[in-house]
Structure formats: structure tokens, C-alpha cells
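Here the structure is laid out as C-alpha cells; the discussion comes afterwards.
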Amino acid sequence: MTESLFGRVEAFAGDPILSLNDNFKADPRPEKINLSIGVYTDEHGRIPVLDSVRAAYERIGFAERPYLPMEGHPLYREGVQKLVFGEKHPALAEKRTATIQTIGGTGAVGIAADFLAKHCPGRTVLVSDPTWENHHGLFQRAGFTTTTYPYWNHNGRSVDFNGMVQALEAAEHGSIVVLQPVCHNPTGVDLDEGQQMAVTEVLLAKRHIVVFDMAYQGFGTSLHEDAAFVRRYAERASCLVANSFSKNFSLYGERCGGLSVVCRDKDEAERVLGQLKLAVRRSYSSPPMTGGLHVATVLGNDHLRAQWTREVETMRNRMDSVRRLLADEIRALSNEVDVGFLLNQRGMFSFTGLSEQQVTALRKRDGVYLVGSGRMCVAGLNEVNVPKVARSFVEVSQAVRG
């Protein structure tokens, strides 16, 4: 055979989080604990099937499954708009929001990047440091150069607000800025309302293009309050908003997400929607149907939506509860280990402050799996495994000090 055309193709090192999850599955120790991958599990370590979604499934049954339009199911798109912006938001009343159904939140960010690459080329994209790594990958794939703005204050285990503002002020006018409005991944720390308002003023003054990535609506304070930053900003300026139903609907494999672009007026929104449809056609042609029908059915029915809201609250409260439980367990073992950060952070993730060396020790010695950065998925905690996790955290912390 002649020399292969693909002989110079580089090996794929693997996604660090997904590869870690594969390693966890291969670990034979029965007492292993997975606190790495961002998936919500219940007290028994299972991905829940929400009763509201089960009821939607029973209502839908199985019928024909033709291709959906490029922009997705109309009831799904309406549900996305009302959930993200609120039913009475002026951007909806004035019909200046273009919304499409996407293949998960990742698909939403990817289409946003493709859309901006065509209509706002050559801009620099700023993402938080640290951030979800795919923010870099998706925008770089679209041809952008990405850089970062400071976000994490390691010493205070809080937001580096001053550093963030200074970087946004120093960035070139009209840069693209990716913001996570709630339940920041990976740190678990968010801007408070005053900080959000101050950042908004900088973004408007610099005429930056804002892409909100809201993957965890409902896991912070409430479905309504978690969207407050997005809603206030959209009252004042155009922006793009990616959202995901993987977590709050527990529909990970169904890949349900949305992308909304808030525009100046109705005419602009119609033209933007056309370009979003073209971007979808050039990518995956149209979104899948079944999961979207579940979401649309729940969001479009008052009874099911109320039931779903209560289920999201249950998930949120459980994560808050295990955070407190872990903090209490660590305090009971040692007064020398700081646990205040556990209670100040929120959502699925906690930035523990553990080094990569400590994380490796946790995994090898105790079978406790965290991401190398020290990010912990608190949804993997439960009443049974918290004592072991607490003991492991204390021991690796003391080993370093010793």
C-alpha cells in the first residue's frame, strides 16, 4: 500500500474529564467515588428520571418522527424564551429575540461561535480563567483567537472582581466576552448583583459582544433568580444566550439546548434567525425531536411545569445539603482545613483549592476522583460517602503541611 494520506494525523490525547470518567469506570475498587464528571446523581448515585418528564413521555407516546425545522420545534423555542427571559420581558414582547433549538448547550455555544465568525469576524474572544475548556475549543474551531480575563482569586477562593473588570476595560472595543451568569463551571462562585451591574456598565461602554452560557439554570437560587443577570442585560443591549436542559431536566443523552440572540428590533431578529438556521443547516441540519418534545410538553403545561420546578428545587436543595454535610464532617476532623468556600459556592461544582498532586493522591490512594484542577462535582456526594471524602480531604491537606 502507498503511504497513507493520514500518516501525519496526531493522536487524540482524550478529553481530560471524559477520560477520567473512563478511568473511574475501570477502577475495580467497590468503594470508589466519582466527583469528576458534571452529572447530577441522586442520593443513591443514579441519574434521576424526573416525574414531570416521565409524565410528558406518557402524553407524547410514539408517533411519526419527521425532520424538525432547522430552527427546531416552535413550542420548544417558545418554552426556551419564556424560561430564559421571563414571559413579560420586553425583548419577547417586542419580538426581537431569535431562538433556535440546539444539540445541547455545547451545540448552542458552537452555533453562536459559527454565527459570530461569519458576521463579526476577527474579534478576540475572552473567556474566564478558569472556564469550561470547550469555550476555547468551540470558538477556536470557528476561527477565533481566544484569551482570558481573570476570574478566580485563589487566596480568597472567590471572584477576582477587580482583575476581571480591568481586563474587560483593557480589551479592544467590540471584543466577544463569554460569561457564565450562574453556577460558574468550574469554580462555583458567581458575581453578586452589584458586581453584575458594574460589569454590565463596562461591557456596554466597551461595546463588547456578550455570549451568556447558562447551563445550570435552577441550580443556584431558583429558576427565576438564576436568570436575573441575563434578563437585566437583555433589557439594555443585544446579546447571545446559550442554555442547556441536560442538567435541570436530567436529559443528558437527549442533547437539549437553545440559543437565543437578542436583537435591536423585530426585523433584525427575523434576519438573524435566518442566519442561525443557515448555520444549523451547514452543521447538523436539524435538531433531534424526542427530548425536545419532552421539554416542550413540560414547559408548555402549567401542571407539569410546576411539578418540574419542584423537582429542580429538590435537586438544588440536595446539593446544598451535601455541601453543608461535607463542611461539617471536615470541621469535625480538623479545625485547620478551611471549609468556608464550600458554603459560599453554589451549583454542581466546587473549586476545592486542592493541587493536582493532592488530587492524584486522592484518586490513587482512596479512589476519590476529582478533576485535576481540583474541581469537585458536589452532586456525586451523598450521606454514605461524605465521611470518606472528608477524611481523604483532611489527610491530603495535612500531608502537604507536614
Side-chain angles (χ1 to χ4, degrees), residues 65-85 89 91-92 94-125 127 134-146 174-179 207-215 230 233-234 237-246 254-293 295-296:
R65 291 290 188 266
Y67 289 127
L68 282 175
M70 290 173 281
E71 68 271 28
H73 196 289
L75 294 180
Y76 181 101
R77 295 165 55 224
E78 179 182 353
V80 166
Q81 290 187 342
K82 291 180 178 180
L83 180 67
V84 169
F85 299 101
H89 196 281
L92 303 187
E94 297 161 12
K95 300 185 185 302
R96 54 185 178 88
T97 303
T99 298
I100 61 169
Q101 178 181 346
T102 62
I103 302 179
T106 303
V109 176
I111 292 298
D114 292 344
F115 171 78
L116 291 172
K118 180 177 180 180
H119 300 283
C120 305
R123 316 283 179 115
T124 297
V125 178
V127 303
N134 239 3
H135 284 150
H136 287 285
L138 291 169
F139 279 93
Q140 289 172 3
R141 184 196 68 180
F144 288 105
T145 297
T146 63
S175 296
I176 298 169
V177 178
V178 180
L179 295 174
R207 299 184 65 83
H208 291 326
I209 300 169
V210 178
V211 179
F212 288 104
D213 184 9
M214 187 164 57
V230 169
Y233 193 90
S238 297
C239 59
L240 295 83
V241 186
N243 74 288
S244 170
F245 294 118
S246 294
E254 295 295 332
R255 312 308 297 136
C256 296
L259 174 63
S260 300
V261 182
V262 178
C263 303
R264 180 177 55 188
D265 52 38
K266 180 180 177 182
D267 176 69
E268 183 175 278
E270 290 176 349
R271 288 184 282 112
V272 166
L273 179 60
Q275 289 299 314
L276 293 176
K277 290 164 63 174
L278 178 60
V280 168
R281 181 60 172 164
R282 295 290 185 265
S283 178
Y284 52 83
S285 195
S286 66
M289 178 177 285
T290 303
L293 284 179
V295 172

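Throughout, numbering of the chain's residues begins at 1 and tracks the sequence.
- When side chains are defined from C-beta on, V211 does not count as touching V109, because their heavy atoms never get closer than 4.5 Å.
- Between the side chain of R65 and the backbone N or O of T290, no donor-acceptor pair lies under 3.5 Å.
- Here the OG-CG distance, from S285 to L68, works out to 10.5 Å after rounding to the nearest 0.5 Å.
- With sequence neighbours excluded, no residue satisfies side-chain hydrogen bond (donor to acceptor under 3.5 Å, both in side chains) with E71.
- Nearest heavy-atom pair, P121 versus A117, reported as atom, atom and distance to 0.1 Å: CB-O, 3.3 Å.
- The two atoms that bring A98 and A269 nearest to each other are CB-O, 3.5 Å, heavy atoms only.
- The two residues P288 and R255 have their closest heavy-atom pair at CG-O, 4.4 Å.
- Remark: M70 CE to L276 CG distance equals 11.0 Å, nearest 0.5 Å.
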Going by atom type alone, with no hydrogens or angles, which donor-acceptor pairs under 3.5 Å involve a side-chain atom of residues 136-143 and a protein atom two or more places apart or on another chain?
| residue | atom | partner | partner atom | Å |
| --- | --- | --- | --- | --- |
| H136 | ND1 | T146 | OG1 | 2.8 |
| Q140 | NE2 | T146 | OG1 | 2.8 |

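- Considering all non-hydrogen atoms of both residues, P287 and P69 come closest at CD-O, 3.5 Å.
- Listed by chain and number, the residues in a side-chain hydrogen bond (donor to acceptor under 3.5 Å, both in side chains) with K95 amount to none (sequence neighbours excluded).
- Looking at heavy atoms from C-beta onward, Y233 lies out of side-chain contact with V262 at the 4.5 angstrom threshold.
- Residues Y284 and I111 have side chains in contact (heavy-atom distance under 4.5 Å, counting atoms from C-beta outward).
- Applying the salt bridge (Lys or Arg N to Asp or Glu O under 4.0 Å) criterion to E268, with sequence neighbours excluded, gives R264.
- L259 contributes atom CG, which lies 12.5 Å from atom OG of S244 (distance to the nearest 0.5 angstrom).
- Remark: E78 CD to H73 NE2 distance equals 11.0 Å, nearest 0.5 Å.
- V261 has its side chain out of reach of S238: every pair of non-hydrogen atoms, C-beta onward, lies at least 4.5 Å apart.
- Looking at S175 and R123, their side chains never come closer than 4.5 Å, going by heavy atoms from C-beta outward.
- Just one residue in the list V177, V125, V178, L116 forms a side chain to side chain contact (heavy atoms under 4.5 Å, CB included) with I209, and that residue is L116.
- Counting heavy atoms from C-beta on, the side chains of R77 and L273 come closer than 4.5 Å.
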>> If you apply the rule side-chain contact (heavy atoms from CB on, under 4.5 Å), what do you find for S286 with R281, and how did you get there?
In response: CA-CA 7 Å; S286 66; R281 181 60 172 164; over 6 Å; no
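- From I176, atom CD1 reaches atom CZ of F144 across 3.5 Å, with rounding to the nearest 0.5 Å.
- No donor-acceptor pair closer than 3.5 Å links the side chain of Q101 to the backbone N or O of Y76.
- Note: L278 CG to S283 OG = 11.0 Å, rounded to the nearest 0.5 Å.
- Panel note: side chain R96, backbone C263; a donor-acceptor pair is recorded below 3.5 Å.
- R271 meets the salt bridge (Lys or Arg N to Asp or Glu O under 4.0 Å) test with D267; sequence neighbours excluded.
- Side chains of I100 and F115 form no contact here, defined as non-hydrogen atoms less than 4.5 Å apart.
- The side-chain hydrogen bond (donor to acceptor under 3.5 Å, both in side chains) contacts involving residues 102-115 comprise nothing, where partners must be two or more places apart or lie in separate chains.
- Under the 3.5 Å distance criterion, with hydrogens and angles disregarded, no donor-acceptor pair is assigned to the side chains of Q81 and T97.
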